[in-house]
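To start, the structure itself, in structure tokens.
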Amino acid sequence: DGPVVLFVGRLVHEKGIQVLLQAAPSILASHPDATFVIAGTGYFEEELRATAGKLGVAERVRFFGQANDSDLSELYAMADALVVPSLYEPFGIVALEGMANRVPTITSNSGGLIDIVEHMS
């Protein structure tokens, strides 16, 4: 019903999804109807679910699971923002896909992301 914040990627520590979850309470304070959609799988999923619960945002977080190409097209179409909070990112394919789909894309300032994303452009 409200804004959709999308994360696409492997659910591993290096992808920084925990950073997005830690920011979720602040985002929800100003946008209480926002939904965080997390598309991907990985060893970090159970810890991320626990973190969402501890932060009190679990009801606003949807774990989508593995997304195929068709799913990704739909997810990008419904997203109001794509977040790529990687702690380490050699290149940033997901950021490129988001921008190619005209989704406002928010990235960390790490690795290859700083080479492909210009702030506010």
Side-chain angles (χ1 to χ4, degrees):
D1 293 333
V4 173
V5 178
L6 177 63
F7 170 89
V8 174
R10 292 178 296 120
L11 303 186
V12 298
H13 182 266
E14 297 79 12
K15 293 296 184 178
I17 185 62
Q18 67 277 13
V19 174
L20 175 58
L21 289 179
Q22 290 164 357
S26 296
I27 295 166
L28 289 166
S30 58
H31 302 284
D33 56 345
T35 300
F36 298 84
V37 176
I38 299 172
T41 60
Y43 71 83
F44 209 36
E45 183 173 346
E46 288 308 312
E47 186 170 335
L48 295 169
R49 287 179 183 274
T51 298
K54 288 176 192 169
L55 293 170
V57 299
E59 65 189 35
R60 304 304 310 167
V61 177
R62 305 288 181 263
F63 285 86
F64 184 85
Q66 187 68 37
N68 61 33
D69 289 342
S70 176
D71 295 331
L72 286 173
S73 292
E74 290 182 36
L75 289 168
Y76 287 131
M78 68 186 249
D80 293 287
L82 171 68
V83 179
V84 184
S86 298
L87 305 177
Y88 171 77
E89 188 67 58
F91 185 67
I93 295 262
V94 170
L96 289 175
E97 288 175 350
M99 291 184 290
N101 281 281
R102 301 195 169 281
V103 179
T105 301
I106 303 154
T107 70
S108 60
N109 191 20
S110 70
L113 294 170
I114 60 177
D115 295 327
I116 63 169
V117 177
E118 268 188 52
H119 179 64
M120 301 299 288
S121 60

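What you see is a predicted model, and the numbers here were worked out from it, not measured in a lab. Note that these values count all heavy atoms, side chains included, but never hydrogens, waters or copies made by symmetry.
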Show every donor-acceptor pair shorter than 3.5 Å between a side-chain atom in residues 16-24 and any protein atom, with sequence neighbours excluded, or say none if there are none.
unit_1 : atom_1 : unit_2 : atom_2 : d
Gln18  : NE2    : His13  : O      : 3.3
Gln18  : NE2    : His13  : NE2    : 3.3

Practice task
Please identify each residue that fulfils ring pair (Phe, Tyr, Trp, His ring centres under 6.0 Å) with His31, with sequence neighbours left out.
Solution key: none
Fill in the blank from the handout: Taken in chain and number order and not counting sequence neighbours, the residues that satisfy side chain to side chain donor-acceptor pair (under 3.5 Å) with Ser73 are none
Practice task
Might you work through the side chain to side chain contact (heavy atoms under 4.5 Å, CB included) test for Phe36 and Val83, ending with a clear yes or no?
Solution key: CA-CA 10 Å; Phe36 298 84; Val83 179; over 6 Å; no
Problem - side-chain hydrogen bond (donor to acceptor under 3.5 Å, both in side chains): pairs with one or both residues in residues 75-87, sequence neighbours excluded - result: Tyr76-Glu97, Ser86-Glu89
Handout entry: Linked, directly or transitively: Val37 and Val84 (ILVMFWY side chains, under 4.5 Å)
Key = yes
Fill in the blank from the handout: Across all chains, not counting sequence neighbours, the salt bridge (Lys or Arg N to Asp or Glu O under 4.0 Å) partners of Arg49 are Glu45
Handout entry: side-chain hydrogen bond (donor to acceptor under 3.5 Å, both in side chains): pairs with one or both residues in residues 56-66, sequence neighbours excluded
Key = Thr35-Arg60, Thr41-Gln66
Practice task
Using the side chain to side chain contact (heavy atoms under 4.5 Å, CB included) rule, take Phe7 and Ile38 through it: C-alpha gap first, then chi angles, then the decisive distance, then the call.
Solution key: CA-CA 5 Å; Phe7 170 89; Ile38 299 172; 3.9 Å; yes
Handout entry: Exam field: side chain Asn101 to backbone Val103, donor-acceptor pair closer than 3.5 Å
Key = no
Fill in the blank from the handout: Residues passing the side chain to side chain contact (heavy atoms under 4.5 Å, CB included) test with Pro25, sequence neighbours excluded, are Leu55, Val57
Fill in the blank from the handout: Note: Gly98 and Leu82 closest approach over all heavy atoms is CA-CD2, 3.6 Å
Problem - Non-hydrogen side-chain atoms of Met99 and Leu96 separated by less than 4.5 Å - result: yes
Fill in the blank from the handout: Correct closest heavy-atom pair for Leu75 and Ala67 would be CD1-CB, 4.1 Å
Handout entry: Leu48 reachable from Tyr88 in the ILVMFWY side-chain graph, under 4.5 Å edges
Key = no
Handout entry: Listed once per pair and sorted, the ring-ring contact (aromatic ring centres under 6.0 Å, His included) pairs that draw on residues 48-74, sequence neighbours left out
Key = none
Handout entry: Closest contact, heavy atoms only, Ala29 versus Pro32
Key = O-CD, 4.5 Å
Problem - Residues forming a side chain to side chain contact (heavy atoms under 4.5 Å, CB included) with Ser26, sequence neighbours excluded - result: none
Practice task
Could you pull out the closest heavy-atom pair between Val8 and Leu72, with the gap in Å?
Solution key: CG1-CD2, 3.8 Å
Practice task
Spell out, yes or no, whether Leu87 and Tyr43 are grouped together once hydrophobic residues are joined by side-chain heavy atoms under 4.5 Å, including indirect joins.
Solution key: no
Practice task
Please name the pair of heavy atoms, one in Leu11 and one in Gly40, separated by the smallest distance, quoted to 0.1 Å.
Solution key: CD1-O, 3.5 Å
Handout entry: Minimal non-hydrogen separation, Pro85 against Ser108, with atom names
Key = C-OG, 3.7 Å
